[in-house]
S.K.: 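Structure in structure tokens, see below.
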Protein chains: 2
Amino acid sequence: MQQSPSADRETDALTQLILEVFRLNGSLIAAGDRLVADLGLTSARWQVLGAIALSPTAEPVARLARSLGLHRQGVQRIVNELVAEGIVTLDDNPHHRRAKLVRLTKKGEALYRTAERRQRPWARKLARGIGVKAAVSAHAVLKVVRERLEIEPQMKIEERNTKL
Amino acid sequence: MQQSPSADRETDALTQLILEVFRLNGSLIAAGDRLVADLGLTSARWQVLGAIALSPTAEPVARLARSLGLHRQGVQRIVNELVAEGIVTLDDNPHHRRAKLVRLTKKGEALYRTAERRQRPWARKLARGIGVKAAVSAHAVLKVVRERLEIEPQMKIEERNTKL
DNA sequence: TCCAAATTGACAATATATTGTCAATTTGGA
DNA sequence: TCCAAATTGACAATATATTGTCAATTTGGA
């Protein structure tokens, strides 16, 4: 089903964009790791910490994993490490005997705030001169693509484990 | 060093964009895996295969890894598997006794073409209606950000192993 | 109330990625 | 020509991610 030439230019443009997303993702993770390494964080830990910090209410591991699009087991592993280091605690959940609620400790909150304080000027330098409009528009494009990828044909990570 | 409000909106917009890049990257890898799974490929294998197929001349593993921004060892592992499956071969390199040149076999070329044929209509569906201009502009934004991340403060993957 | 389905954390097996080191070899400048 | 530095693949140790399974528990509909 060959399309019009303009549709093909569109396809090519998106393909290039996708390749750039892969490259940028790699660079961002590497840069994030460097940014918080001396705090004992990694990009992965930071991401989990962020989900805990930003969630309006404390949540169990499985729910955090689901909302991050990560594997339950991977998040569990990270959370267990963070517990061992006194960065988060697992509190009893009045609504579920097994599913403990993950909460930041004082130390965890301080850690997250430190990382946040460091992230901002870093992002500011990266953002300089890009323009709100261009950034918002790029964001919109990526979001549309992601949403198209996520409709049906695909299953969520958790569903894969459960259903297959 | 507090900036003007507009600079902060810019920072916020970029932060949102960055989070979206992480999410999209995950979705793309998952979708890519599904797209070529029945061909015996994964996103990682496909990426390596692409580097081999698109390079104007055959290259050794270390060079492929460098140009992909991946670890030499990871690419080596994938290439070894591809050799075992008859998808690529390691040919003698007249200029270097150890660094064999990775080349696609007939089978490998056919496989890559099959994957490519499948990728195009898939990308076309994803791209529909996005507009060349929006895609190109988004690409430009991501590229600028990546290039800023890659100047100095950071070392290339290979350099890290060698220099530290 | 009851019970099948879904959720959850634990555990284990395996796959994959990362980090570090080494020796063979090539490269490039003195 | 010579030799220090860089590149390269091999190997190994470890870290991390993925997949699969299970039992405890909760949920939601009959």
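Note that these values count all heavy atoms, side chains included, but never hydrogens, waters or copies made by symmetry. Note on naming: letters A, B, ... go to the chains in the order of the sequence lines (proteins, then strands), and numbering restarts at 1 for each one.
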S.K.: Answer with yes or no whether the side chains of A:Asp33 and A:Ser43 bring together a donor and an acceptor at under 3.5 Å.
M.R.: yes
S.K.: Is the shortest distance from a Lys or Arg side-chain nitrogen in B:Glu116 or B:Arg120 to a carboxylate oxygen in the other one below 4.0 Å?
M.R.: no
S.K.: Under 4.0 Å: is that the gap between some side-chain N or O of B:Arg77 and OP1 or OP2 of D:dG9?
M.R.: no
S.K.: Would you say a side-chain N or O of A:Gln73 is under 4.0 Å from OP1 or OP2 of C:dG9?
M.R.: no
S.K.: B:Arg63 side chain N/O closer than 4.0 Å to the phosphate oxygens (OP1, OP2) of D:dT7?
M.R.: no
S.K.: Report yes if a side-chain nitrogen or oxygen of B:Arg72 is closer than 4.0 Å to either non-bridging phosphate oxygen (OP1 or OP2) of D:dG9; otherwise report no.
M.R.: no
S.K.: Under 4.0 Å between any heavy atoms, over every strand shown, what does A:Arg97 touch: base, sugar-phosphate, or nothing? Just pick one.
M.R.: sugar-phosphate
S.K.: Could you let me know what C:dT16 is paired to, Watson-Crick or G-U wobble, both distances under 3.5 Å, or none if it's on its own?
M.R.: D:dA15
S.K.: Figure out the CG/C1' separation between B:Leu64 and D:dG9, and round it to whole Å.
M.R.: 13 Å
S.K.: Could you check how far NZ of A:Lys100 sits from C1' of C:dA10, rounded to whole Å?
M.R.: 12 Å
S.K.: Can you check whether A:Gly69's main-chain N or O pairs, donor with acceptor, with B:Arg23's side chain at less than 3.5 Å?
M.R.: no
S.K.: So which one's nearest nucleotide on DNA chain D is more toward 5', A:Glu81 or A:Pro94?
M.R.: A:Glu81
S.K.: In Watson-Crick or G-U wobble terms, both distances under 3.5 Å, what is the partner of D:dG9?
M.R.: C:dC22
S.K.: Tell me: CG of B:Leu70 to P of C:dT16, nearest whole Å?
M.R.: 15 Å
S.K.: Just the rounded figure in Å: distance from C1' of C:dT8 to CZ of A:Arg66.
M.R.: 10 Å
S.K.: Could you state the CD1-P distance from A:Ile78 to D:dT18, rounded to the nearest angstrom?
M.R.: 10 Å
S.K.: Look through every strand shown and name the nucleotide pairing with D:dC3 as Watson-Crick or G-U wobble, where both distances are under 3.5 Å.
M.R.: C:dG28
S.K.: Give the rounded distance in Å between these two atoms: NE2 of B:His96 and P of D:dT8.
M.R.: 6 Å
S.K.: NE2 of A:His95 versus C1' of D:dG28: gap in Å, rounded?
M.R.: 17 Å
S.K.: Please report, rounded to the nearest Å, how far the P atom of C:dT7 is from the CG atom of A:Asn93.
M.R.: 16 Å
S.K.: Any side-chain N or O of A:His71 less than 4.0 Å from the OP1 or OP2 oxygen of D:dA17?
M.R.: no
S.K.: Does the side chain to side chain contact (heavy atoms under 4.5 Å, CB included) test come out yes or no for B:Gln16 and B:Glu20, once each step is laid out?
M.R.: CA-CA 6 Å; B:Gln16 291 309 308; B:Glu20 184 63 40; over 6 Å; no
S.K.: Would you mind checking if A:Glu59 and A:Arg66 are paired as a salt bridge, meaning a charged N to carboxylate O distance below 4.0 Å?
M.R.: no
